[in-house]
Protein chains: 2
Amino acid sequence: MASRGRTNPLALAVLTLLYERPMHPYEMSSTLRERGKEDSIKLNYGSLYSVIESLRKRGLVTTQEVVRSGRRPERTVYALTAAGKAEMIDWLSDLVAQPVKEFPQFEAALSLLPTLPLEDAIRLLESRLRRQTDIMQTGDAMLANARDQGFPRLLLIESEFRQALLKAEIRYIRTLVDELKSGELTGVDFWRRMDELRNSGLPREEVAARVADMIKEGTTWLDGHSND
Amino acid sequence: MASRGRTNPLALAVLTLLYERPMHPYEMSSTLRERGKEDSIKLNYGSLYSVIESLRKRGLVTTQEVVRSGRRPERTVYALTAAGKAEMIDWLSDLVAQPVKEFPQFEAALSLLPTLPLEDAIRLLESRLRRQTDIMQTGDAMLANARDQGFPRLLLIESEFRQALLKAEIRYIRTLVDELKSGELTGVDFWRRMDELRNSGLPREEVAARVADMIKEGTTWLDGHSND
DNA sequence: GCTCAAATACTCGACCCAGAGTATTTGAGC
DNA sequence: GCTCAAATACTCTGGGTCGAGTATTTGAGC
């Protein structure tokens, strides 16, 4: 298995493009942009040229020819090798079938949320909700429009997927805000006491100690739930 | 706004830990692990030491003391500065309130899916569904168990959130598989014809041309839907 | 009191990536 | 036919990240 260097999905996109026909890097970037892939695959020039060079070193693509029109920079045209085609199929199949653990920033933020005062956290979450709702509506409008134009849904599944996740996110946060406000989420009472402690300028070590205690009180639940 | 160098959320986690009390790096990593944060914030030693060094350079933490017990390596204890506390609050607030565009690998995979033969794609998606379902059940069991132990839900919101997204993902893929099988998703008919073309060893350029045509036929729908 | 695995505590180098910078050419509008 | 913005086509550098490697110490079990 040549599963080294499967970090940047942009490299996979390059392989799929060269599966269609030989291309030079700049053309790859414009094609990806035209097809709307830059919404799903992070694309920037620096990375593009360096992933292509790394594919070449690994023997997955070859430089087919170097053309020059006028005094423009040379355009190096790349083509897919047999190994490249195999790697493309293997990598893509893997991405489809194997869920990989990812670390969305907002999940990190949630895990640190009680560091902020409760009231602030609620305000910030509500502000996020408004923005998310805007994004969701724009996306839905775009999809509806595309459908009306007769654009095949097959080429929009990644956007539909993103919208589905976005909606789930919104639903979860809405519920969370409600439960924070009503205090029905267990631990919120404690959060309130923590905020009071922090406000009434007690020695920070005292506060820290109590906080640590409260967090500790129940860490026995930690058992293996690995996924790779 | 000192919003440079807000790349790795691990740095934010470090700031929140030092907000509780001074610590040395290894203790930070064990604390994060104990509290189950490594599920939500990617943690590895190499990054830990380098993000701390970068925080120090930016004046957000200071080295408080260097202790040595026995002939063990020295432990450098770090503390939060005033600027560090401000940055922590600002950064965390930002993460909570501002949705950031991310690029999950599976979304990339979906956007390239029609590169694979239809039947293979379906098989792979079904295989993913099985794995996702397993992960989901493990997660639900873990959450139920924690709740039974009296563990405060407040400290589990990031896991609840992850489960909510996972379930949405499963729902979407289930529907997608159904629609691929029934052919009710527009464009699947075209996918089938593409597969036939590729199978009946026609000149690759011929195939490529027809594929490109089909993809092009409808790219006018592309209008701005930016979010940053 | 000996052994060996696990925990403690970090270091290092190779690779990867982002984004600003560079230089030319085309083409729309006056 | 001149100008200037947009498109074409990359290059370079600095910083970030990963994961394997190193070296000591504790402690459980025989």
Side-chain angles (χ1 to χ4, degrees), chain A residues 2-14 17 22-34 38 41-58 60 63 65-78 100-103 105 108 224 228, chain B residues 2-14 17 22-34 38 41-58 60 63 65-78 100-103 105 108 224 228:
Chain A
S3 71
R4 298 306 114 202
R6 278 188 189 172
T7 44
N8 197 340
L10 181 56
L12 178 57
V14 165
L17 285 174
M23 276 189 206
H24 58 94
Y26 189 80
E27 192 186 356
M28 297 179 203
S29 88
S30 353
T31 308
L32 289 174
R33 191 152 293 160
E34 264 171 26
E38 12 82 294
I41 299 170
K42 187 155 37 179
L43 167 59
N44 73 49
Y45 290 118
S47 307
L48 180 59
Y49 289 88
S50 75
V51 301
I52 292 175
E53 177 54 18
S54 133
L55 290 173
R56 198 193 55 74
K57 277 188 197 144
R58 293 167 59 207
L60 304 176
T63 80
E65 50 169 349
V66 178
V67 223
R68 163 184 292 250
S69 31
R71 223 177 307 170
R72 275 203 205 151
E74 290 170 345
R75 295 173 312 171
T76 308
V77 176
Y78 293 88
V100 298
K101 171 116 196 73
E102 284 174 302
F103 296 86
Q105 304 231 30
D228 60 297
Chain B
S3 71
R4 297 309 111 202
R6 278 189 188 170
T7 45
N8 196 340
L10 181 56
L12 178 57
V14 166
L17 286 174
M23 276 189 204
H24 58 93
Y26 189 80
E27 192 185 358
M28 295 179 204
S29 86
S30 355
T31 308
L32 288 174
R33 192 152 293 161
E34 264 171 25
E38 13 82 294
I41 299 170
K42 187 155 37 180
L43 168 58
N44 75 46
Y45 290 117
S47 305
L48 180 59
Y49 288 89
S50 77
V51 300
I52 292 175
E53 178 54 18
S54 132
L55 289 173
R56 198 192 54 75
K57 277 188 198 143
R58 294 166 60 206
L60 305 175
T63 81
E65 50 170 350
V66 178
V67 223
R68 162 183 291 252
S69 30
R71 223 177 307 170
R72 277 204 205 148
E74 290 171 344
R75 296 172 312 171
T76 308
V77 177
Y78 294 86
V100 297
K101 171 116 196 72
E102 282 173 304
F103 297 85
Q105 306 231 28
D228 59 297

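Computation of the quantities below employed the complete heavy-atom set of this structure, encompassing side-chain atoms and omitting hydrogens, waters and symmetry-equivalent molecules.
- Without hydrogens or angle criteria, A/Ser30 side chain to A/Tyr26 main chain gives a donor-acceptor distance under 3.5 Å.
- In this structure, the side chains of A/Ile41 and B/Phe103 stay at 4.5 Å or more apart for every pair of heavy atoms.
- Residue A/Asn8 has a polar side-chain atom (N or O) positioned under 4.0 Å from OP1 or OP2 of C/dC17.
- If you take CE of B/Met28 and P of C/dA7, they are 21 Å apart, rounded to a whole angstrom.
- Per the geometry, CD1 belonging to B/Ile52 stands 19 Å off P belonging to D/dG15, to the nearest Å.
- Counting heavy atoms from C-beta outward, B/Val77 and B/Met23 have side chains that stay 4.5 Å or more apart.
- In this structure, A/Glu53 atom CD and D/dC10 atom P are separated by 13 Å, rounded to whole Å.
- A/Lys42 comes within contact range of the sugar-phosphate backbone alone, with a heavy-atom separation under 4.0 Å but no base atom that close.
- The interatomic distance linking B/Arg33 (CZ) with C/dT8 (P) rounds to 10 Å, in whole Å.
- For A/Tyr49, the listed nucleotide lying nearest its side chain is D/dA9; candidates were C/dC17, C/dT11, D/dA9.
- Taking atom CZ on A/Arg58 and atom C1' on C/dC16, their separation rounds to 13 Å, with Å as the unit.
- Each of C/dC10, D/dC10, D/dG16 was ranked by its minimum atom distance to the side chain of A/His24; first place goes to D/dC10.
- Comparing atom distances between the B/Asn44 side chain and each of D/dC10, D/dG19, C/dC17 picks out D/dG19 as nearest.
- Taken from CG in A/Leu12 to OG1 in A/Thr7, the straight-line distance is 11.5 Å, to the nearest 0.5 Å.
- Straight-line distance from the CG atom of B/Leu48 to the P atom of C/dT11: 11 Å, rounded to whole Å.
- In this structure, B/Tyr45 and B/Ser54 both approach DNA chain D, and ranking their closest nucleotides by distance from the 5' end singles out B/Ser54.
- Side-chain N/O atoms of B/Ser29 include none lying less than 4.0 angstrom from OP1 or OP2 on C/dA9.
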How does DNA chain D read in dot-bracket, base by base from 5' to 3', with Watson-Crick or G-U pairs under 3.5 Å and | used when the partner is on another strand? ||||||||||||||||||||||||||||||
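- Atoms CE and OH, on B/Met28 and B/Tyr49 in that order, are 9.0 Å from each other to the nearest 0.5 Å.
- Distances from the side chain of B/Tyr26 to the nucleotides D/dC10, C/dA7, C/dA18 place C/dA7 closest.
- Between the A/Ser54 side chain and the A/Ser50 main chain, no donor and acceptor come within less than 3.5 Å of each other.
- B/Arg75 has its CZ atom 18 Å from the P atom of C/dA7, to the nearest Å.
- Closest contact between the side chain of B/Val51 and the listed nucleotides D/dT17, D/dC18, D/dC10 involves D/dT17.
- The distance from the CG atom of A/Asn44 to the CG atom of A/Leu48 is 8.5 Å, given to the nearest 0.5 Å.
- Place B/Ser47 and B/Ser30 on DNA chain C by their nearest nucleotides, and B/Ser30 ends up nearer the 5' end.
- When distances run from any side-chain atom of B/Ser50 to the nucleotides D/dT17, D/dA7, C/dA9, the shortest one goes to D/dT17.
- The CD atom of B/Gln105 lies 13.0 Å from the NZ atom of A/Lys101; values are rounded to the nearest 0.5 Å.
- Rounded to whole Å, atom P of C/dC17 lies 14 Å from atom CD1 of A/Ile41.
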